[in-house]
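These notes are about the structure you will find just below.
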Amino acid sequence: MSTDTPAVTEPKTTEKTDEKVDWLAEIRGLFLMLLAVFAFHSFVAKPFYIPSESMLPNLLVGDRLVVSKYPYGWNWSSVSFHLAPRGDWRLMGSTPEYGDIVIPVHPERDEDYIKRVVALPGDKIEVRRGRIILNGTPVPQAVERARDLPVDANSTCYGFGDPTFLVTDDSGNDVCRVPVLRETLPNGANYLVIDHANTELDNFDEMTIPEGHVFVMGDNRDHSSDSRELNSSRGLLGPVPLENIGGRAEFITFSLDGTTSLNPVTWFTSLREGRAWTTLRPAVAQENQR
């Protein structure tokens, strides 16, 4: 007679090993990731926030943009957070075109502005009663239908100093109705400007733009500190050296009305409609595209 003896299995022992975190590798990985983001921001593109009304009606306070870094080459002002020392060097440099929206850095402090190029090296520019005279010829301006700008926490309409601009539209909403002109530069680039009042900057004596410089102005002509400000450090103190231009504005990614809070719901309700993916490259008149 045979008996089956059940096999005896020895219990498996699981050896627990303490896995230690390699903090040095983690820190190195984090550093490399931040370095890659910094390099992308400095050499390819970076986000930009509109803090003022100087580029109305085309750019609103609260607009978020993408600024490309490569169209004019690279220089000290291309480097994000102004970490590079100032200098007059440029790598693969080129000159902006009429109508480009650029990011000049203030000549005396590390502060980014956003303005439009209206005169190039060698041009003679003058401003009379708010109108640009370029190389002896007045830049064409055509009156267009008034534009309705939103009225919200980021755009109050009070900055114009004219209470008649604040009106109610056909839908019963408060809007800021502003008079606009379509300005067309010699290459056909055209865009809207606001020039509703008589101000000191409406008149600017003729000057020749030096080589390696451009003259920039805000689209909201009566409320912009730009190249016309020769004696006040609130402006750009004249033509901007090309090495002080850190990039070109390309398009709007999204726009906020100023009601965003820690409540996640407001991250969506504060979005302005119709602003996302709007190009910031100026339209070009057909006759100049031939």
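Since we're looking at a predicted model, the values are computed, not measured.
Side-chain contact between D222 and D195: present, with at least one pair of heavy atoms (C-beta onward) separated by less than 4.5 Å. Looking at T137 and L134, their side chains never come closer than 4.5 Å, going by heavy atoms from C-beta outward.
Below 30°, between 30° and 60°, or above 60°: for H223 and H196 the angle between ring planes is below 30°, a parallel geometry.
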Would you sort out whether R182 and Q141 count as a side-chain contact (heavy atoms from CB on, under 4.5 Å), showing the intermediate values? CA-CA 5 Å; R182 183 165 295 279; Q141 288 184 336; over 6 Å; no
Starting from the C-alpha separation in whole Å, work towards a yes-or-no answer on side-chain contact (heavy atoms from CB on, under 4.5 Å) for V79 and W74. CA-CA 8 Å; V79 180; W74 293 272; over 6 Å; no
Between D63 and Y49, does a side-chain hydrogen bond (donor to acceptor under 3.5 Å, both in side chains) hold up when you go through it step by step? CA-CA 6 Å; D63 283 350; Y49 165 74; over 6 Å; no
Tell me, with the steps shown, if V117 and L120 meet side-chain contact (heavy atoms from CB on, under 4.5 Å). CA-CA 8 Å; V117 175; L120 301 179; 3.7 Å; yes
Take E26 and R28 through the salt bridge (charged side-chain N to carboxylate O under 4.0 Å, His left out) test and state the conclusion after the steps. CA-CA 5 Å; E26 295 290 331; R28 183 168 57 247; over 6 Å; no
Check the pair F160, V178 against side-chain contact (heavy atoms from CB on, under 4.5 Å), reporting the backbone distance first and the verdict last. CA-CA 9 Å; F160 292 107; V178 296; 3.7 Å; yes
Could you go through the side-chain hydrogen bond (donor to acceptor under 3.5 Å, both in side chains) check for D123 and Y98 one step at a time? CA-CA 11 Å; D123 282 342; Y98 290 118; 2.6 Å; yes
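Side chain of W76 to main chain of E243: a donor-acceptor pair is present (N/O by atom type, distance under 3.5 Å, no hydrogens or angles). For the pair S77 (side chain) and I245 (backbone), a donor-acceptor distance under 3.5 Å is present. Under the 3.5 Å distance criterion, the side-chain polar atoms of S42 are matched with a main-chain donor or acceptor of S80. Judged purely by atom type and a 3.5 angstrom limit, H41 has no side-chain atom pairing as donor or acceptor with the backbone of A39. Distance alone, capped at 3.5 Å, is enough to place a donor-acceptor pair between the S224 side chain and the G218 backbone. Checking side-chain atoms of R64 against main-chain N and O of A276 turns up no donor-acceptor pair under 3.5 Å. Counting only distance, with no hydrogens or angles, the side chain of D112 and the backbone of V105 share no donor-acceptor pair below 3.5 Å. The backbone N or O of Y113 lies less than 3.5 Å from no partner atom in the side chain of H106, so there is not a single donor-acceptor pair.
For the atom pair CG of D257 and OG1 of T269, the computed distance is 7.0 Å after rounding to the nearest 0.5 Å. The structure places CG of L60 at 9.0 Å from CD1 of I50, a figure rounded to the nearest 0.5 Å. Between the CG atom of N135 and the CD1 atom of I209 there is a distance of 9.5 Å, given to the nearest 0.5 Å. Atom CD1 of I252 sits about 9.0 Å away from atom OG1 of T279, to the nearest 0.5 Å. Going from atom NZ of K46 over to atom OG of S78 covers 9.5 Å, rounded to the nearest 0.5 Å.
Under a 4.0 Å N-O distance rule, the pair E97/R248 does not qualify as a salt bridge. Between E126 and R128, at least one side-chain N (NZ, or NE/NH1/NH2) sits under 4.0 Å from a carboxylate O, which counts as a salt bridge. Comment: R272 engages D152 in a salt bridge, judged by a side-chain N to carboxylate O separation of less than 4.0 angstrom. Salt bridge R86/D110: present, at least one basic N to carboxylate O contact under 4.0 Å.
Of the N and O atoms on the side chains of T266 and S261, at least one donor lies less than 3.5 Å from an acceptor on the other residue. A donor atom on one side chain and an acceptor atom on the other are found under 3.5 Å apart for S270 and T260. Side chain to side chain, T164 and D162 meet the donor-acceptor criterion of an N or O pair below 3.5 Å. Between the side chains of E108 and S233, no donor-acceptor pair is found at a separation under 3.5 Å.
The side-chain contact (heavy atoms from CB on, under 4.5 Å) test with V139 is passed by exactly one of I125, I132, T184: I132. Screening K115, R116, R281 for a salt bridge (charged side-chain N to carboxylate O under 4.0 Å, His left out) with D100, the sole residue that qualifies is R281.
Taking the six-membered ring for Trp, F204 and F215 have ring centres closer than 6.0 Å.
Around CG of N203, the count of heavy atoms belonging to other residues, nucleotides or ligands within 6.0 Å exceeds 12. Summarising the local packing, CG of D22 is surrounded by more than 12 heavy atoms from other residues, nucleotides or ligands at distances under 6.0 Å. Heavy-atom contacts from other residues, nucleotides or ligands closer than 6.0 Å to CZ of F254 number more than 12. Other residues, nucleotides and ligands contribute only 12 or fewer heavy atoms inside 6.0 Å of the CZ atom of R234.
A salt bridge (Lys or Arg N to Asp or Glu O under 4.0 Å) check over residues 165-180, counting only residues at least two apart or in different chains, returns the pairs D148-R177.
Judged by the 6.0 Å and 45° rule, R90 forms no cation-pi pair with Y72.
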